[in-house]
Amino acid sequence: NSRGSSVFQDSNCSAFIRLKSRMVSFFRPSRFPPIAPPLFGGRPDKRGGPLYIRTLRRPSSSVQAERGGEKGSAPMSFSASVKEELCSLLCDSPALSKAECYGLLLFGRAFQGEKIVLLTENEHTVRRYQQVVQEVTGVPVAVEAVGGPAAGRFLNASVEQAQDRETVLACFGHAPGRVSLRINRAVLEEEGCPGAFLRGVFLSCGALADPEKEYHLELYVPFYNLACDLQLLLAECSLAAKMIPRKGGYVLYFKESEA
């Protein structure tokens, strides 16, 4: 369509469009309640007025490495386009809402008693994260702008209060002091929940890489056990992902023929 045509400037345009269509179709297990995009930012003021954004220092190199190679090129534009479309999907089940929220949280930058954080450049993903976390858990999410024009602008979404973090963790069967993160399968038992969960995972840590490289789709996971859990879940959905270590974490990826 005319809105998306400028995104696909690469010679592999038709392959991009086919891949995008297949991805969006897979991550559409049902419909999600309509999301009115909130004005993202920090905490509401005492009068319940608009949210604001605080600007922090630029992210470290290790933070930039966790973005899964999305920065700057056509693949970033394609990833952003797919994520925007996924964020527009609707759902008619609280269980699906919870499963997607769980994927967004568990595969963010941190999901612990000390901090619950998502770091991304994608505004649609941040709005989705902020909306579903509050809808599912009742806990507010603060958003801060990190960095500037020279270093690239990131959005840091976090649950700031310790009591709120305990509430979020308990909602998904996690304890604040748990050291090793694993997927809690009890959250994914209802029909359609694995697909909704994987949609959240992709929004949180996924990227579509340059088709000239050896793979198209990758998911960056900072912990080995969590990466293994995700690889197994993908296999159960007939998606055979390979895993390699990268910069202190693990990348699950699909070759072009497997995407």
Side-chain angles (χ1 to χ4, degrees), residues 23-24 26-35 37-38 40 63 66-68 70 79-80 82-91 93-112 115-144 154-160 164-165 167-174 181-188 190 192-208 217-223 226-227 229-230 233-234 249 252:
M23 285 197 60
V24 172
F26 174 78
F27 288 122
R28 194 196 301 264
S30 187
R31 300 283 182 188
F32 200 91
I35 288 183
F40 61 88
V63 170
E66 290 188 359
R67 298 180 309 166
E70 284 194 16
S79 290
V82 171
K83 289 183 178 183
E84 179 181 358
E85 188 162 347
L86 290 175
C87 286
S88 72
L89 296 182
L90 306 174
C91 157
S93 165
L96 297 180
S97 303
K98 184 174 181 179
E100 181 183 337
C101 182
Y102 187 39
L104 278 161
L105 287 162
L106 186 60
F107 287 84
R109 176 158 171 75
F111 187 62
Q112 302 170 326
K115 57 182 178 179
I116 295 177
V117 175
L118 173 72
L119 185 65
T120 180
E121 290 179 310
N122 192 294
E123 295 183 5
H124 296 283
T125 297
V126 166
R127 293 185 179 195
R128 184 78 161 195
Y129 183 94
Q130 187 180 48
Q131 183 81 7
V132 298
V133 170
Q134 185 155 0
E135 287 182 351
V136 172
T137 70
V139 168
V141 173
V143 180
E144 301 166 325
F154 293 81
L155 296 169
N156 187 86
S158 65
V159 177
E160 295 189 323
D164 287 342
R165 291 193 293 270
T167 298
V168 172
L169 290 167
C171 182
F172 299 99
H174 288 255
L181 285 178
R182 308 297 297 265
I183 295 175
N184 180 8
R185 290 296 191 103
V187 181
L188 313 180
E190 294 193 23
C193 283
F197 174 76
L198 291 173
R199 180 167 68 238
V201 172
F202 175 74
L203 289 173
S204 193
C205 71
L208 291 171
L217 174 62
E218 59 182 33
L219 302 162
Y220 178 88
V221 186
F223 305 111
L226 189 59
D229 284 356
L230 180 58
L233 179 62
L234 288 165
L252 301 182

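One-based numbering along the sequence shown.
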About how many Å separate CG of Leu96 and CG of Leu89, when rounded to the nearest 0.5 Å?
11.5 Å

Output the distance between atom CG (Asn184) and atom CG (Leu169), rounded to the nearest 0.5 Å.
11.5 Å

How close do Val136 and Cys171 get, heavy atom to heavy atom, and via which atoms?
CG1-SG, 4.2 Å

Least distance between heavy atoms, Asn122 atom then Thr120 atom:
N-OG1, 3.0 Å

Please check this pair: side chain of Lys115 against backbone of Arg109, looking for a donor-acceptor N/O pair closer than 3.5 Å.
no

Going by side chain to side chain donor-acceptor pair (under 3.5 Å), name the residues that satisfy it together with Tyr102, two or more places apart in sequence or in a different chain.
His174

Run the side chain to side chain contact (heavy atoms under 4.5 Å, CB included) check on Arg199 and Glu100 step by step: do they pass?
CA-CA 6 Å; Arg199 180 167 68 238; Glu100 181 183 337; 2.9 Å; yes

Rounding to 0.5 Å, atoms CD (Glu218) and CG (Leu208) come to a distance of 9.0 Å

Within-4.5 Å side-chain heavy-atom neighbours: Val139 and Arg165:
no

Using side chain to side chain donor-acceptor pair (under 3.5 Å) as the criterion, list what pairs up with Ser204, not counting sequence neighbours.
none

Backbone N or O of Val159 within a donor-acceptor pair of the Asp164 side chain at under 3.5 Å?
no

Single hit among Glu135, Arg127, Gln134 for side-chain hydrogen bond (donor to acceptor under 3.5 Å, both in side chains) with Gln131
Glu135

Once rounded to the nearest 0.5 Å, what's the spacing between atom CG of Leu198 and atom CG of Leu230?
6.5 Å

Would you say that Leu219 contacts Phe107 through its side chain, given a criterion of any heavy-atom pair below 4.5 Å between the two side chains?
no

Run the side chain to side chain contact (heavy atoms under 4.5 Å, CB included) check on Lys98 and Glu190 step by step: do they pass?
CA-CA 11 Å; Lys98 184 174 181 179; Glu190 294 193 23; over 6 Å; no

At their closest point, which heavy atom of Val117 faces which heavy atom of Ser158, and how far apart are they?
CG2-CB, 3.9 Å

Heavy-atom nearest pair, Cys193 first then Ala95, reads SG-O, 3.6 Å

For the residue pair Val143 and Tyr129, establish whether any side-chain heavy-atom pair is separated by less than 4.5 Å.
no

Do Leu104 and Thr125 come close enough that some side-chain heavy atom pair is under 4.5 Å?
yes

What residues, two or more places apart in sequence or in another chain, satisfy salt bridge (charged side-chain N to carboxylate O under 4.0 Å, His left out) together with Asp229?
Arg182

Could you give the distance from CG (Leu226) to CZ (Phe111), rounded to the nearest 0.5 Å?
10.5 Å

Rounded distance [0.5 Å steps], CD in Glu123 versus SG in Cys87
11.5 Å

Is there side-chain contact between Leu86 and Phe202, with heavy atoms separated by less than 4.5 Å?
yes

Residues Leu105 and Phe172: closest non-hydrogen pair is CD1-CE1, 3.4 Å

Expected output: side-chain Gln130 to main-chain Val141 donor-acceptor under 3.5 Å
yes

